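Here the structure comes first, spelled out in structure tokens, and everything after it is commentary.
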There are 2 protein chains.
Amino acid sequence: MRLSKRGEYGLRAMIALAEPAENSSAPQMMQIKEIALREQISAKFLEQILLALKNAGMLHSKMGVGGGYYLARSANEITLGQIFRVLDGPVAPVKCVSQMAYEPCGCPDEETCGLRLVMGDVRNAVSDILDHTSLADVIKRQNTIRKNPGV
Amino acid sequence: MRLSKRGEYGLRAMIALAEPAENSSAPQMMQIKEIALREQISAKFLEQILLALKNAGMLHSKMGVGGGYYLARSANEITLGQIFRVLDGPVAPVKCVSQMAYEPCGCPDEETCGLRLVMGDVRNAVSDILDHTSLADVIKRQNTIRKNPGV
DNA sequence: CATAAAGTATATTAGTATTATAGACTTTAT
DNA sequence: ATAAAGTCTATAATACTAATATACTTTATG
């Protein structure tokens, strides 16, 4: 049930990009180096990750001097589930309960396979969380705790 | 968020061992070969898995002619969570929210790290399911569906 | 228009994990 | 004594992970 470094770094980067810029209300633009430094990630590795997120349509970028990455949609329209799936693949613990990558798992009767039923519950529980938590939700939650320490 | 083959096979085997024997009410004893054949698993691979479960105290065995494996406790005292952890390690997606294998993940402030908060929710959701589902529950659920097809 | 900053793209590598397979050993029923 | 069955450890093949390297493209700006 592990989140890969790739997934972890990608999620951290997206959260960083969702954090409101100091003075502007425009979408926050950040450079790879900037994010890598702040989150203590290898810049070269992060590069690949951001590129994957860009190719998946979740980030836009600007090339050349003064360029960088910024969210393709507003922070409350991007869920952690979307990001996770791009970087780490399906949420389902076994293929036979996957919505995005179903494959039979070879048990004689899938309908009554007890393991499959439970793993289906797990899949639903996890995707309930990830698909209903937007980047904006994450920022909100961080801020709530910062204002209310120790709760 | 994948369940390894090791974990999958182990869970399948434990469920098979929890299924009540035909005529006896004694704990079901089965041989490696028997389980491997029925679940379509490499017998040699299953051997290692069952041994690990035995060393973790979840199975007992009888050596020699007519030997085999049987559950060390009754089916309603063994949860999928226990089995999972023996074979696949901690349930937590990141170490910094693990109960059984905590390790800091290096973010500047763990208390207000948004990713950590969400991953904590995921961990809790998954362990809620796995730790509250016993082998007996799985059998029960299978039987319910078998008697009530299409529900 | 040359240059440097920044993203794009692909290949390669070192290490680790996964999924087995193999073989020798121990225990036990008959 | 023998064969059936679990025990134990090593090894192999493959895939995946995390990272690094290198060459290329775009763009702002002096």
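Predicted model, so just to flag it, every value in this text is computed and none were measured. Note on naming: letters A, B, ... go to the chains in the order of the sequence lines (proteins, then strands), and numbering restarts at 1 for each one.
- End-to-end axis angle of the helix from C:dC1-D:dG30 to C:dT30-D:dA1, using five pairs per end and rounding to 10°, comes to 0°.
- Qualifying salt bridge (charged side-chain N to carboxylate O under 4.0 Å, His left out) partners for A:R141, counting only residues two or more places apart in sequence or in other chains: B:D121.
- Partner of B:M14 under the side chain to side chain contact (heavy atoms under 4.5 Å, CB included) criterion, out of B:I49, B:I35, B:L87, B:L59: B:L59 alone.
- Remark: A:D137 engages A:K140 in a salt bridge (charged side-chain N to carboxylate O under 4.0 Å, His left out) (not counting sequence neighbours).
- In this structure, B:R2 has no salt bridge (charged side-chain N to carboxylate O under 4.0 Å, His left out) partners at least two apart in sequence or on a different chain.
- Listed for the B:R116 side chain is a donor-acceptor partner under 3.5 Å among the backbone atoms of B:C96.
- DNA chain D lies under 4.0 Å from no heavy atom of any residue of residues 87-100 of chain A.
- B:E47 is linked by a side chain to side chain contact (heavy atoms under 4.5 Å, CB included) to B:I32, B:K44, counting only residues two or more places apart in sequence or in another chain.
- In this structure, B:I139 CD1 and B:T144 OG1 are separated by 11.0 Å, a value rounded to the nearest 0.5 Å.
- One atom, CG of B:L51, and another, P of D:dG6, lie 11 Å apart when rounded to the nearest Å.
- Residues in residues 103-134 of chain A take part in no ring-ring contact (aromatic ring centres under 6.0 Å, His included) pair, two or more places apart or across chains.
- Going from atom CG of A:N55 over to atom P of C:dT8 covers 8 Å, rounded to whole Å.
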For nucleotides 14-24 of chain C, which of its nitrogen or oxygen atoms have a protein nitrogen or oxygen under 3.5 Å away, and what is each distance?
| from | atom 1 | to | atom 2 | distance (Å) |
| --- | --- | --- | --- | --- |
| C:dT19 | OP2 | B:K5 | N | 3.1 |
| C:dA20 | OP2 | B:Y9 | OH | 3.1 |
| C:dT21 | OP2 | B:S42 | OG | 2.9 |
| C:dT21 | O4 | B:Q48 | NE2 | 2.2 |
| C:dG23 | O6 | B:K44 | NZ | 2.4 |

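- When all heavy atoms of A:D131 and A:G81 are compared, the pair lying nearest together is OD1-CA, 3.4 Å.
- Here A:A72 pairs with A:H60 under the side chain to side chain contact (heavy atoms under 4.5 Å, CB included) rule; sequence neighbours left out.
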Ignoring hydrogens and angles, write down the donor-acceptor pairs under 3.5 Å from the side chains of residues 61-71 of chain A, residues two or more places apart or on other chains.
| from | atom 1 | to | atom 2 | distance (Å) |
| --- | --- | --- | --- | --- |
| A:S61 | OG | A:K54 | NZ | 3.1 |

Please list, for nucleotides 26-30 of chain C, all pairs of protein and nucleotide N/O atoms separated by less than 3.5 Å.
none

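- A donor-acceptor contact shorter than 3.5 Å is absent between the side chain of B:D88 and the backbone of A:M1.
- Put simply, CG on B:L50 is 9 Å from P on D:dG6, counting in whole angstrom units.
- Both B:Q31 and A:I41 lie near DNA chain D, and the one whose nearest nucleotide falls closer to the 5' end is B:Q31.
- For the pair A:M30 CE and C:dA6 P, the computed distance is 13 Å after rounding to whole Å.
- Listed here is the closest heavy atom pair of B:L46 and B:A13: CD1-CB, 4.0 Å.
- Under the side chain to side chain contact (heavy atoms under 4.5 Å, CB included) criterion, B:E34 pairs with B:M30, B:Q31, sequence neighbours left out.
- Put simply, NZ on B:K54 is 16 Å from P on D:dA5, counting in whole angstrom units.
- At whole-Å resolution of the value, CD1 in A:I35 and C1' in C:dG7 are 12 Å apart.
- Residue B:I32 is classed as a sugar-phosphate contact, given heavy-atom separations below 4.0 Å to backbone atoms only.
- Rounded to a whole Å, the CG atom of B:L53 is 14 Å from the P atom of D:dG6.
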